[in-house]
Amino acid sequence: DTERVEDIITIADTVSINGEAVDTVEARMGAFEGSQGDYIEFKFTEAQTFNTVFINEKTTSIRQFNIYAEVDGQYMLIYTGKNVLNIEIPVEETTATAIKFEVVNTEIGNDAFTIIGISAYNIQENEGE
């Protein structure tokens with residue numbers, strides 16, 4: 001009995017970059033470009049549960065990033081990472097009405113970054129396999 005795991009980013013009600021709503025196919029897949037301090041936000045109609053975040057960076061300029069989850073109307077920091085490239089991040093199982101990914105620091109002299117995609121899943125280990 002395997003549960004179909006859905007990327008909750010794809011069912012976000014609204015996607016915004018630096019507080020501005022963006023309704024493109026790319027943004028809905030978590031793709032965005034920017035520089036230090038920029039962020040992308042995914043808001044859901046109903047709270048979604050997740051425990052794993054995948055981030056795929058095309059560039060190699062991100063040096064620090066934060067992932068926030070909105071719980072009961074408040075953003076909570078759930079993960080801080082150093083380099084992105086292509087990583088899978090296990091986080092504590094969180095049920096959130098929004099997820100925010102923020103680029104805190106970039107490489108000195110190389111401020112521009114490109115994220116190809118962000119996805120978030122609730123992956124359950126199958127017991128007794």
Side-chain angles (χ1 to χ4, degrees):
D1 182 35
T2 53
E3 204 180 335
R4 194 173 77 81
V5 178
E6 184 172 32
D7 174 9
I8 64 169
I9 296 300
T10 61
I11 57 168
D13 188 45
T14 58
V15 179
S16 56
I17 296 172
N18 298 333
E20 221 169 282
V22 180
D23 195 9
T24 63
V25 171
E26 291 79 11
R28 292 195 163 276
M29 290 165 44
F32 81 117
E33 297 180 342
S35 53
Q36 187 168 296
D38 288 346
Y39 63 90
I40 188 167
E41 207 170 358
F42 308 94
K43 289 191 180 284
F44 307 105
T45 310
E46 298 169 4
Q48 300 293 324
T49 301
F50 67 101
N51 62 11
T52 308
V53 179
F54 291 94
I55 304 163
N56 191 347
E57 181 192 2
K58 184 179 178 184
T59 44
T60 56
S61 52
I62 295 174
R63 289 293 170 265
Q64 189 190 346
F65 63 91
N66 289 334
I67 299 172
Y68 299 89
E70 187 183 59
V71 179
D72 298 327
Q74 295 286 320
Y75 267 119
M76 299 173 359
L77 178 64
I78 59 166
Y79 186 86
T80 296
K82 296 243 177 282
N83 299 334
V84 177
L85 294 180
N86 197 351
I87 54 172
E88 174 182 339
I89 303 164
V91 294
E92 198 172 314
E93 187 170 285
T94 306
T95 300
T97 46
I99 297 172
K100 182 161 105 174
F101 172 84
E102 172 191 36
V103 175
V104 181
N105 280 314
T106 50
E107 189 178 39
I108 292 168
N110 184 15
D111 195 29
F113 68 84
T114 302
I115 296 285
I116 300 169
I118 298 173
S119 34
Y121 299 92
N122 191 25
I123 298 173
Q124 299 299 331
E125 298 297 327
N126 287 337
E127 297 295 322
E129 286 276 308

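Throughout, residue positions are numbered sequentially from 1 according to the sequence presented.
Shortest non-hydrogen contact noted between Asp13 and Arg28 is O-NH2, 3.2 Å. When all heavy atoms are compared, the tightest approach of Arg63 to Thr106 is CG-C, 3.8 Å. Shortest non-hydrogen contact noted between Ser119 and Ile9 is CA-CG1, 3.6 Å. Across every non-hydrogen atom of Phe50 and Ala96, the tightest pair is CE2-CB, 4.1 Å. Here the closest heavy-atom approach between residue Ile78 and residue Ala69 is recorded as CG2-CB, 4.0 Å. The shortest non-hydrogen separation linking Ala31 to Ile40 is O-CD1, 4.4 Å.
Counting only heavy atoms from C-beta outward, the side chains of Ile67 and Phe101 approach each other to under 4.5 Å. You'll find the side chain of Ile99 reaches within 4.5 Å of the side chain of Ile8, heavy atoms only. Contact of the Asp38 side chain with the Val103 side chain is not registered, since no non-hydrogen atoms from C-beta on lie closer than 4.5 Å. For the pair Phe65 and Glu57, the minimum side-chain heavy-atom distance is 4.5 Å or more. When side chains are defined from C-beta on, Asn122 counts as touching Glu93, because their heavy atoms get closer than 4.5 Å. Side-chain contact between Val15 and Phe32 is absent, with no heavy-atom pair separated by less than 4.5 Å. Contact check for Tyr39 versus Asn18: side-chain heavy atoms found under the 4.5 Å cut-off.
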Exercise. Go through the steps for Ser61 and Glu107 under the test side chain to side chain donor-acceptor pair (under 3.5 Å), then give the verdict.
Key: CA-CA 5 Å; Ser61 52; Glu107 189 178 39; 5.8 Å; no

Practice problem: Could you walk me through whether Tyr68 and Leu77 pass side-chain contact (heavy atoms from CB on, under 4.5 Å), step by step? | Solution: CA-CA 4 Å; Tyr68 299 89; Leu77 178 64; 3.8 Å; yes

Self-check item: Verdict with supporting geometry, Tyr75 and Glu41, side-chain contact (heavy atoms from CB on, under 4.5 Å)
Solution: CA-CA 11 Å; Tyr75 267 119; Glu41 207 170 358; 2.7 Å; yes

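Side chain of Asn51 to main chain of Val91: no donor-acceptor pair is present (N/O by atom type, distance under 3.5 Å, no hydrogens or angles). Looking only at distances, no side-chain donor or acceptor of Asn66 sits under 3.5 Å from a matching main-chain atom of Thr80.
Salt bridge status for Glu102 with Lys100: absent, with no side-chain N to carboxylate O gap under 4.0 Å. With respect to the salt-bridge test (charged N to carboxylate O, under 4.0 angstrom), the residues Glu70 and Lys43 qualify.
Evaluated for a side-chain contact (heavy atoms from CB on, under 4.5 Å) with Ile62, the options Val104, Ile115, Ile55 yield exactly one hit, Ile115.
To the nearest 0.5 Å, atom CZ of residue Phe113 and atom OG1 of residue Thr59 are 7.5 Å apart. Asn83 contributes atom CG, which lies 10.5 Å from atom CD of Gln64 (distance to the nearest 0.5 angstrom). The OG1 atom of Thr95 lies 11.0 Å from the CZ atom of Phe44; values are rounded to the nearest 0.5 Å.
Note on Met29 and Val5: separate hydrophobic clusters, where clusters join Ile, Leu, Val, Met, Phe, Trp and Tyr whose side-chain heavy atoms are under 4.5 Å apart, directly or indirectly.
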